[in-house]
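Okay, so here's the structure we're looking at.
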Amino acid sequence: MSWLEFISPWRLVLLVVPVLLGVGYLVLQARRRRYALRFTSVELLDEVAPDRPGWRRHVTAVVLLLGIVVGALATARPTVADEVTETRRIVVLAIDTSLSMEATDVDPSRIEAAKDAAGRFLDVVPDGVAVGVVGFDGQARQLIQPTTRLDAVRRVIDRAELGQGTAIGDAVIASVGAIETARDDEVAAGSEEAPGSIVLLSDGETTQGTPNEEGAALARERGIPVNTIAFGTDAGSIVDPTTGDSVPVPVN
């Protein structure tokens with residue numbers, strides 16, 4: 001359904017100009033007819049004002065008035081508003097919350113750098129993009145389903161805590177599931193299936209759970225691209241909480 005709107009409707013007041021000119025033109029034409037009737041000789045009248053199609057002499061005035069009307073409408077900046085069903089995009093941030101993410105080889109730490117990167121993404125994400133979050137260490141958990149309430153997404157990311165293990169394959173599978181659930185909701189609401197993608201923020205390799213290859217294969221099968229961002233350096237290390245020893249955790 002479409003309808004006409006104006007960005008500057010107050011400028012439509014300019015339409016008064018062609019209206020006044022049109023009225024003035026009609027008044028002049030009425031006077032012209034009265035003057036013509038003053039001729040006493042029909043023969044003289046025919047010589048001075050011979051018969052010709054009356055509409056032709058009005059063409060110039062009509063074109064001029066139409067031009068002024070179009071100009072007045074143009075200054076009001078007309079637009080056509082149309083109701084459309086917009087397909088939202090879906091992005092799931094899969095954030096590594098394994099203990100190795102507390103390494104400080106990235107200032108101030110890998111996990112804080114990852115949270116900051118996610119926050120900066122939320123600062124610039126386009127309107128209409130639904131963002132969800134999956135956190136993963138030894139297991140993957142959906143922390144928040146895809147939503148356009150980015151303030152809620154930001155709070156969930158800030159509260160993420162670390163745990164043992166790294167299950168990247170499970171994280172990809174959980175992210176695919178979150179996207180497909182959001183897609184189903186969109187379709188049920190009357191929208192087309194929304195495109196989705198995964199952004200994986202991690203520092204290491206899978207230590208347990210589903211192999212990466214299986215998670216990647218599922219994402220490929222469902223047409224969902226997985227973008228990976230690594231945090232850390234080869235010199236990264238953490239302190240073992242049980243022994244107090246320094247444990248190397250190079251980025252992989």
Side-chain angles (χ1 to χ4, degrees), residues 88-103 105-106 109-119 121-122 125 129-147 152-154 156-187 193-234 236-238 240-242 247-252:
R88 294 195 302 181
R89 295 183 178 275
I90 304 169
V91 177
V92 171
L93 302 176
I95 302 178
D96 188 344
T97 56
S98 61
L99 291 179
S100 61
M101 289 290 285
E102 68 181 359
D105 54 332
V106 176
S109 68
R110 294 177 180 180
I111 186 59
E112 291 303 323
K115 290 180 178 181
D116 179 67
F121 168 74
L122 295 178
V125 67
V129 175
V131 181
V133 179
V134 167
F136 66 95
D137 37 54
Q139 59 181 357
R141 303 169 299 279
Q142 180 174 299
L143 302 182
I144 186 170
Q145 64 182 8
T147 176
V153 177
R154 196 183 304 273
V156 165
I157 292 173
D158 290 340
R159 291 197 300 263
E161 297 181 353
L162 304 182
Q164 292 185 344
T166 305
I168 295 176
D170 289 342
V172 173
I173 291 174
S175 298
V176 169
I179 290 172
E180 292 193 324
T181 299
R183 281 176 169 175
D184 292 342
D185 292 342
E186 291 290 322
V187 172
E193 186 175 271
S197 61
I198 300 168
V199 180
L200 179 72
L201 301 90
S202 180
D203 70 342
E205 59 185 291
T206 293
T207 61
Q208 60 191 86
T210 305
N212 294 352
E213 293 76 15
E214 292 186 21
L218 176 64
R220 186 182 304 111
E221 176 188 334
R222 305 300 167 82
I224 299 174
V226 181
N227 306 280
T228 59
I229 303 175
F231 292 85
T233 67
D234 290 338
S237 64
I238 60 172
D240 189 317
T242 58
V247 179
V249 285
V251 66
N252 185 344

Glu102: partners by side-chain contact (heavy atoms from CB on, under 4.5 Å), with sequence neighbours left out: Leu162, Ile238

N/O donor-acceptor pair under 3.5 Å between Gln208 side chain and Gly138 backbone: yes

Donor-acceptor contact present, side-chain Thr97 to main-chain Phe136, <3.5 Å: yes

Closest contact, heavy atoms only, Ala118 versus Ile95: CB-CD1, 4.4 Å

Ser202: partners by side-chain hydrogen bond (donor to acceptor under 3.5 Å, both in side chains), with sequence neighbours left out: Asp96

Contacts under 3.5 angstrom, residues 214-231 side chains, donor-acceptor by atom type, not counting sequence neighbours:
from	atom 1	to	atom 2	distance (Å)
Arg222	NH1	Glu180	OE1	2.8
Arg222	NH1	Glu180	OE2	2.6
Asn227	ND2	Ile198	O	3.3

Distance-minimising heavy-atom pair for Val92 and Pro146: CG2-CG, 4.2 Å

Closest non-hydrogen atom pair between Leu201 and Ala114, with its separation: CD2-O, 3.9 Å

Heavy-atom pair with the smallest gap, counting every atom of Gly236 and Asp105: CA-OD2, 3.4 Å

Minimal non-hydrogen separation, Asp137 against Glu161, with atom names: OD2-O, 4.4 Å

Sidechain-backbone polar pair: Arg183 side chain, Ala194 backbone, donor-acceptor under 3.5 Å: yes

Residue list, side-chain contact (heavy atoms from CB on, under 4.5 Å) with Val91, at least two apart or on another chain: Leu93, Phe121, Val129, Ser197, Val199

Heavy atoms of other groups near Gln145 CD, more than 12 under 6.0 Å: no

Listed once per pair and sorted, the salt bridge (Lys or Arg N to Asp or Glu O under 4.0 Å) pairs that draw on residues 166-179, sequence neighbours left out: none

Val172 vs Asn212, side chain to side chain contact (heavy atoms under 4.5 Å, CB included): CA-CA, chis, key distance, verdict: CA-CA 8 Å; Val172 173; Asn212 294 352; over 6 Å; no

Thr207: side-chain contact (heavy atoms from CB on, under 4.5 Å) partners, not counting sequence neighbours: Thr166

Shortest non-hydrogen contact from Leu122 toward Val125: O-CG1, 3.4 Å

